[in-house]
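Working notes, structure below.
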Amino acid sequence: MIRACAVADLPEGEALRLDGPAPIAVFHTGDGFLAVDDTCTHQDASLADGWLEGCFVECPLHAARFDLRTGVPACLPAKEPLRTHRVVVTDDVVYVDAPVPAVP
């Protein structure tokens with residue numbers, strides 16, 4: 001599990017990017033916290049910089065929309081789904097269940 005942030009540090013309607021070999025975007029929606037791979041599958045753009053509406057995020061580059069619950073694109077130009085990640089909130093801290101890179 002990767003610590004993302006304290007619950008209080010990510011207001012509803014906002015997102016944050018967790019840097020790493022495969023960056024992850026964490027969103028605070030009306031349905032709770034959701035996490036997906038941060039990079040749009042259409043072209044390299046950070047989805048954490050996109051526009052959040054309900055459980056959908058719109059890519060800031062070409063307006064592809066993704067369902068954050070499933071990772072499935074809701075419209076073109078994106079055709080490939082995003083990888084989703086399980087989110088756990090414990091003791092007011094948001095964690096993402098994602099692979100932790102090996103330390104050399």
Side-chain angles (χ1 to χ4, degrees):
M1 297 288 256
I2 299 171
R3 184 187 190 282
C5 63
V7 169
D9 292 340
L10 188 59
E12 187 173 327
E14 297 293 322
L16 67 84
R17 175 185 164 109
L18 302 176
D19 289 319
I24 295 172
V26 181
F27 297 87
H28 188 174
T29 72
D31 287 355
F33 294 92
L34 299 168
V36 296
D37 281 355
D38 182 56
T39 306
C40 179
T41 60
H42 169 251
Q43 194 168 358
D44 289 342
S46 172
L47 294 174
D49 292 336
W51 296 275
L52 184 62
E53 186 175 325
C55 288
F56 290 84
V57 64
E58 182 177 310
C59 176
L61 195 57
H62 293 117
R65 286 174 41 96
F66 295 90
D67 186 329
L68 296 171
R69 298 164 294 192
T70 64
V72 174
C75 66
L76 296 174
K79 297 178 184 176
E80 297 297 319
L82 298 165
R83 182 173 52 169
T84 61
H85 302 278
R86 185 172 67 96
V87 176
V88 176
V89 178
T90 304
D91 297 327
D92 292 325
V93 177
V94 179
Y95 296 93
V96 178
D97 190 4
V100 177
V103 178

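Reckoned from all heavy atoms, side chains included, excluding hydrogens, waters and symmetry mates.
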Open item on the list: I'd like to know whether CD of Glu80 has more than 12 heavy-atom contacts from other residues, nucleotides or ligands below 6.0 angstrom.
Closed with: no
TODO: For side-chain contact (heavy atoms from CB on, under 4.5 Å), just list the numbers for Leu52 and Thr29, CA-CA rounded to whole Å, side-chain angles, deciding distance to a tenth of an Å, and then say yes or no.
DONE: CA-CA 8 Å; Leu52 184 62; Thr29 72; 4.1 Å; yes
Task: Minimum side-chain heavy-atom gap Leu10-Val94 below 4.5 Å - done: no
Task: Atom of Leu61, atom of Ala45 and distance for their closest heavy-atom approach - done: CB-CB, 3.8 Å
Open item on the list: I need the full list of salt bridge (charged side-chain N to carboxylate O under 4.0 Å, His left out) pairs touching residues 41-68, with sequence neighbours left out, sorted by first then second residue.
Closed with: Asp67-Arg69
Open item on the list: What's the separation between atom CG in Leu82 and atom CG in Leu68, rounded to the nearest 0.5 Å?
Closed with: 8.0 Å
Open item on the list: Suppose the criterion is ring-ring contact (aromatic ring centres under 6.0 Å, His included): which pairs have a residue in residues 32-85, not counting sequence neighbours?
Closed with: His28-Phe33, His42-His62
Task: Where Ala98 and Ile2 come nearest, the two heavy atoms and their spacing - done: CB-CD1, 3.8 Å
Open item on the list: Looking at every non-hydrogen atom in both residues, tell me the closest pair between Arg3 and Tyr95 and how far apart they are.
Closed with: CA-CD2, 3.6 Å
Open item on the list: Could you tell me if the side chain of Leu34 sits less than 4.5 Å from the side chain of Thr84, heavy atoms only?
Closed with: no
Task: Set of residues satisfying salt bridge (Lys or Arg N to Asp or Glu O under 4.0 Å) with respect to Asp92, sequence neighbours excluded - done: none
Task: Close side-chain approach of Val26 to Leu18, heavy-atom, < 4.5 Å - done: yes
Using a 3.5 Å cut-off and no angle test, enumerate the donor-acceptor pairs between side-chain atoms of residues 72-79 and protein atoms at least two apart in sequence or in another chain.
none

Task: Non-neighbouring partners of Asp9 that pass salt bridge (Lys or Arg N to Asp or Glu O under 4.0 Å), sequence neighbours left out - done: none
Open item on the list: Tell me whether Ile24 shares a hydrophobic cluster with Val7, the cluster being built from Ile, Leu, Val, Met, Phe, Trp, Tyr side chains joined at under 4.5 Å.
Closed with: yes
TODO: If a pair satisfies salt bridge (charged side-chain N to carboxylate O under 4.0 Å, His left out) and one of its residues is in residues 19-32, list it, with sequence neighbours excluded.
DONE: Arg17-Asp19
Task: Atom pair CG (Leu16) and SG (Cys5), whose distance is rounded to the nearest 0.5 Å - done: 5.0 Å
Open item on the list: For Ala48, is there any backbone N or O sitting under 3.5 Å from a side-chain donor or acceptor partner on Asp38?
Closed with: yes
